[in-house]
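A short worksheet on the structure shown next.
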2 protein chains.
Amino acid sequence: MTTKGDLTKARLAESMLELIQTSGYSGTGLNAVIDHAAAPKGSVYFHFPDGKEGLGVAAVDLAAKQFESLIAEAAASAGSPAAAARAVIEALATIVGESDYRLGCPVSVVTLEMGAESERLRQACASAFESWIAPTAALLETGGVEPAQARTLATVVVSTIEGAVIVSRATRSTQPLHAAADVVADLVDRSRQSAGGTR
Amino acid sequence: MTTKGDLTKARLAESMLELIQTSGYSGTGLNAVIDHAAAPKGSVYFHFPDGKEGLGVAAVDLAAKQFESLIAEAAASAGSPAAAARAVIEALATIVGESDYRLGCPVSVVTLEMGAESERLRQACASAFESWIAPTAALLETGGVEPAQARTLATVVVSTIEGAVIVSRATRSTQPLHAAADVVADLVDRSRQSAGGTR
DNA sequence: GTCTATACGACGATAGAC
DNA sequence: GTCTATCGTCGTATAGAC
């Protein structure tokens, strides 16, 4: 059953996730989180006994699931791996642009800020990236790319997307993301052909 | 002339740059910076009247110059644009790996943490990215790629590198950077051919 | 002009009231 | 079990001694 406490816990993780995107991990104070979640301060330590670190892990896990869903939906509705990749990146371009370049990838920023300081957070970020690379590689394999190459290419695709979001935010332009969409779609399409897939 | 004060100022910027890479911008306190630079606390506000923000801008500018030099050296010594791109990325893989995955791109993390909060820092980051994209595009043009496509491709190349550094740090493996090196080198080489360059 | 001592606020975390 | 009041620490910034 879903108790009221569970809802509070979910709201806290969602708030943390949202604030991390605009202010980073260190820049997001617990006061801001409980304020945004409309939760009392003590409940943070009730639901997340490890404090901020546990809340951060929950936020990263949540982000992983959300983007994983976006990938799955694009893979299901798009006609080809290349089209799916393009759809995902264009969706991100819309999100980033419509947020006035305030939203970015929470996993990237937590990796960069805390990867060297918290092993728990670093592992959570590694798992998040893996949860995006694996389905991307699987999608490429359905296009006829051999497993090893699919994994390599999927890693690069995810890296490119992460980087493009950052460059887009810095330049306040969706051009880097659109450029990434074009190049990645072309790259995915080409790999399918060169691997001897359905041609 | 170079006064002692100028050296202190440079050391402060270098220390800020180094610490940002492992702990992020918000996670780096001025106390840690002056400690690392072996400088008295007041000199921060003497050399950087705007405080932490000014110091952050100096660190980002410094990072921009350093990586710009790496690109220029690779472009000068490598035999082709593709080889230059590979050399740059492999050099990054060495740096990231040998630092035990503690060093990353300071411009990325400042963009993600402060891009939405400080216009000055955001612009410094945008300038940094531009200072890497422009010479990369120029290099691609020497390979026969037309200007517009060179710019697009250069943006994607820089994005991919930024993202690969992040994924490498999260997974504690240089594999994402090596994968990026392979794919980017191939991409650069292909663009040269498809554009009707020296074949 | 350089640097030390300090002010003031926000942080994460906890103890204990309800 | 849920929340409020508070503690100690560290943050940035500054005032003033040298």
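Quantities reported herein were computed from a predicted structural model and do not represent experimental measurements. Naming convention: chains lettered A, B, ... in sequence-line order (proteins, then strands); numbering from 1 in each chain.
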Open item on the list: Within residues 12-20 of chain B, which residues have any heavy atom lying less than 4.0 Å from an atom of DNA chain D?
Closed with: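 Close to the strand, none.
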
Task: From CD1 (I20(A)) to OG (S26(A)), nearest 0.5 Å - done: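 So the CD1 of I20(A) and the OG of S26(A) are separated by 9.5 Å.
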
TODO: Check for a donor-acceptor pair, side chain of T174(A) on one end and backbone N or O of L177(A) on the other, with a separation under 3.5 Å.
DONE: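 Side chain of T174(A) to backbone of L177(A): no pair is present.
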
Task: Donor-acceptor contact below 3.5 Å, side chain R172(B) vs main chain Y101(B) - done: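 A pair under 3.5 Å: no.
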
Task: Heavy-atom closest pair, residues V57(B) and L121(B) - done: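 Where V57(B) meets L121(B) most closely, the heavy atoms are N-CD2, 3.6 Å.
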
TODO: Applying side chain to side chain contact (heavy atoms under 4.5 Å, CB included) between T111(B) and each of L112(A), T171(A), I166(A), report the one that passes.
DONE: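 Exactly one pass, corresponding to I166(A).
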
Show each protein N/O and nucleotides 10-13 of chain C N/O combination with a separation under 3.5 Å, one pair to a line.
residue : atom : partner : partner atom : Å
dC11(C) : OP2  : N31(A)  : ND2          : 2.9
dG12(C) : OP1  : T28(A)  : O            : 3.4
dG12(C) : OP1  : L30(A)  : N            : 3.4
dG12(C) : OP1  : K52(A)  : NZ           : 3.0
dG12(C) : OP2  : L30(A)  : N            : 2.6
dA13(C) : OP2  : Y45(A)  : OH           : 2.7
dA13(C) : OP2  : K52(A)  : N            : 3.2
dA13(C) : O5'  : Y45(A)  : OH           : 3.1
dA13(C) : N6   : K41(A)  : NZ           : 3.1

- [ ] Using a strict cut-off of less than 4.0 Å between a Lys/Arg side-chain nitrogen and an Asp/Glu carboxylate oxygen, indicate whether R192(A) and D189(A) qualify as a salt bridge.
- [x]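 The answer is yes: the pair qualifies as a salt bridge.
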
Open item on the list: Assess whether a salt bridge exists between D61(A) and K65(A), defined as any Lys/Arg side-chain N lying under 4.0 Å from an Asp/Glu carboxylate O.
Closed with: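 Salt bridge absent between D61(A) and K65(A).
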
[X] [atom1] to [N] [atom2]: how many Å, rounded?
{"X": "D6(B)", "N": "dG1(C)", "atom1": "CG", "atom2": "P", "value": "14 Å"}
{"X": "I34(B)", "N": "dT2(C)", "atom1": "CD1", "atom2": "P", "value": "17 Å"}
{"X": "K9(A)", "N": "dC3(D)", "atom1": "NZ", "atom2": "P", "value": "15 Å"}
{"X": "F48(B)", "N": "dT2(C)", "atom1": "CZ", "atom2": "C1'", "value": "16 Å"}

Open item on the list: Given the ring of Y25(B), does K52(B) sit roughly above its face, with NZ or CZ under 6.0 Å from the centre of the six-membered ring and within 45° of the axis?
Closed with: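 Yes - K52(B) lies over the ring of Y25(B), closer than 6.0 Å to its centre and within 45° of its axis.
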
